[in-house]
Amino acid sequence: MIECSKCGELCEPHRKKSRICRKCLGVYYRQYMKNYRIARPGIEMERYRRRAAEDPAFLEQLRQRGRKYWADLRHGAIMAYGGYRCACCGETEPKFLSLDHVFNDGSQHRKEVGGRGSQIFKWLRDHGYPAGFQVLCMNCNHGKALNGGVCPHKNKKLVKASLG
């Protein structure tokens, strides 16, 4: 145990002969990297490009990390809105499922959020998964878009209910 030279608390040093604790060292490094990035914008992107050109395995590793990140965002959003089941027809194949704007304002919302479609998953996470979304399969989602905001399955159910 040492007395940290930064915060003055008794704690474990980050190395044997150090006078700084792990917490204070983390704060220092985060501030250093923030200042470093401001002082030299784009330097990390240059390093990534150079390394990716030299090492194809590194490029593939970056791609896999990105795919996993977006897949995790999508999974979190789908689980927040009822899980892997279409709210209309009950389809459960994950590759067929998508998020739908309940009030048919998806175009306007995408313009506000910007970016590609996957940016919506990030926006939903950052805003605490607000109401107004549901999980639909692609057939129901597209059918809803072509049918004035009502899924064709719902129309069939309404017709059957009025006849029978």
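The chain is numbered in sequence order, starting from 1. Every heavy atom of this structure was used, including side-chain atoms; hydrogens, water molecules and symmetry mates were not.
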A.B. asks: Members other than Phe96 in its cluster, when Ile, Leu, Val, Met, Phe, Trp, Tyr link by side-chain heavy atoms under 4.5 Å?
C.D. replies: none

A.B. asks: Using the side chain to side chain contact (heavy atoms under 4.5 Å, CB included) criterion, which residues pair with His109? Sequence neighbours excluded.
C.D. replies: His101, Glu112, Val113, Ile120, Trp123, Phe133

A.B. asks: Any sub-3.5 Å donor-acceptor pair from Asn147's side-chain atoms to Val150's backbone N or O?
C.D. replies: yes

A.B. asks: Kindly give the heavy-atom pair with the smallest separation between Cys151 and Cys88, and that separation in Å.
C.D. replies: SG-SG, 3.4 Å

A.B. asks: Identify the heavy atoms of Cys89 and His153 that sit nearest to each other, and give their distance.
C.D. replies: CB-CE1, 3.6 Å

A.B. asks: Output all residues satisfying salt bridge (Lys or Arg N to Asp or Glu O under 4.0 Å) with Arg50, sequence neighbours left out; order by chain, then residue number.
C.D. replies: none

A.B. asks: What pairs with Lys111 under salt bridge (Lys or Arg N to Asp or Glu O under 4.0 Å), at least two apart in sequence or on another chain?
C.D. replies: none

A.B. asks: Go through the structure and list residues passing side chain to side chain donor-acceptor pair (under 3.5 Å) with Glu93, not counting sequence neighbours.
C.D. replies: none

A.B. asks: Is Tyr81 close to Leu99 at the side-chain level, that is, under 4.5 Å between some pair of heavy atoms?
C.D. replies: yes

A.B. asks: Of the non-hydrogen atoms in Cys137 and Cys86, which two are nearest, and what is the gap between them?
C.D. replies: N-SG, 3.3 Å

A.B. asks: Establish whether Ile20 and Tyr29 are linked, either directly or via other cluster members, by ILVMFWY side-chain heavy-atom contacts under 4.5 Å.
C.D. replies: yes

A.B. asks: Output all residues satisfying side chain to side chain donor-acceptor pair (under 3.5 Å) with Gln61, sequence neighbours left out; order by chain, then residue number.
C.D. replies: none

A.B. asks: With Glu54, which residues qualify under side chain to side chain donor-acceptor pair (under 3.5 Å), at least two apart?
C.D. replies: none

A.B. asks: Provide the closest heavy-atom pair for Asn104 versus Gly149 in the form atom of the first, atom of the second, distance.
C.D. replies: ND2-CA, 3.3 Å

A.B. asks: Using salt bridge (Lys or Arg N to Asp or Glu O under 4.0 Å) as the criterion, list what pairs up with Asp72, not counting sequence neighbours.
C.D. replies: Lys68

A.B. asks: Considering only heavy atoms from C-beta outward, does the side chain of Leu124 approach that of Tyr129 to under 4.5 Å?
C.D. replies: yes

A.B. asks: Any chance you could measure Leu25, atom CG, to Arg30, atom CZ, to the nearest 0.5 Å?
C.D. replies: 9.5 Å

A.B. asks: Give me the other members of the hydrophobic cluster that Phe58 sits in, counting Ile, Leu, Val, Met, Phe, Trp and Tyr linked by side-chain heavy atoms under 4.5 Å, directly or via other members.
C.D. replies: Tyr48, Leu62

A.B. asks: Just how far is it from atom CG of Leu97 to atom CG of Asn141, taken to the nearest 0.5 Å?
C.D. replies: 10.5 Å

A.B. asks: Roughly how far apart are Leu136 CG and Glu91 CD, rounded to 0.5 Å?
C.D. replies: 11.5 Å

A.B. asks: May I ask you to list the residues sharing a hydrophobic cluster with Met138, side-chain cutoff 4.5 Å, ordered by chain and number?
C.D. replies: none

A.B. asks: Going by the salt bridge (Lys or Arg N to Asp or Glu O under 4.0 Å) test, which pairs reach into residues 124-140, not counting sequence neighbours?
C.D. replies: Lys122-Asp126

A.B. asks: Is there a side-chain contact between Val135 and Tyr84 in this structure, where contact means two heavy atoms from C-beta onward sitting under 4.5 Å apart?
C.D. replies: no

A.B. asks: So, using side chain to side chain donor-acceptor pair (under 3.5 Å) as the criterion, who are the partners of Gln134 when residues are at least two apart?
C.D. replies: Asp100

A.B. asks: Testing the basics here: between Gly132 and Phe103, what is the closest heavy-atom pair and its distance to 0.1 Å?
C.D. replies: CA-CE1, 4.0 Å

A.B. asks: Write down the atom of Cys4, the atom of Cys24, and the distance for their closest heavy-atom approach.
C.D. replies: SG-SG, 3.6 Å

